[in-house]
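Just below is one structure, and these are the notes that go with it.
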Amino acid sequence: MTPAPSGRAPHGRHRTLIGPDGAPYHSATPGSLGGHRRLRLYGRLDCPSALRAIARGHYVKHRVFFVDEATAIAAGYRPCAVCLPRRYARWKADLENTTTP
């Protein structure tokens, strides 16, 4: 992986991705999933919830991108409840099963 440049790529190019170790890197291939750094969630690039937040200007500052779902999970992100409801339900059930004594 090549380290990410210090500047941010223009919105829509998604060339600075987050790796499984959580570190950003530059990629020749654009990301296939988007996420939110602070909320530690990932979802589809066309997620209605993310697009509404982006339109209001609240999401872009913390936006991250992933090459695939396995990388997002390895980096410690969870699925979006809006655009990935089945994956989110599975994640939540798994979380409840591991935290219950």
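The first residue in the sequence is number 1, and the count goes up from there. Since the model is a prediction, treat every value here as computed from it, not as a measurement.
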From CG (Leu17) to OH (Tyr25), nearest 0.5 Å
4.5 Å
Listed by chain and number, what are the side chain to side chain contact (heavy atoms under 4.5 Å, CB included) partners of Arg38, not counting sequence neighbours?
His36, His62
Among residues at least two apart in sequence or on other chains, which ones pass side chain to side chain contact (heavy atoms under 4.5 Å, CB included) with Leu33?
Tyr42, Phe66, Glu69
Would you give me the side-chain donor-acceptor pairs under 3.5 Å for residues 71-86, sequence neighbours excluded?
residue : atom : partner : partner atom : Å
Thr71   : OG1  : Asp68   : OD1          : 2.6

Applying salt bridge (charged side-chain N to carboxylate O under 4.0 Å, His left out) as the test, list every pair that has at least one member in residues 39-58; sequence neighbours left out.
Arg44-Asp46
Which heavy-atom pair separates Gly34 from Phe65 by the least distance, and what is that distance?
CA-CD2, 3.9 Å
Is there a donor-acceptor contact under 3.5 Å from the side chain of Ser32 to the main chain of Val67?
yes
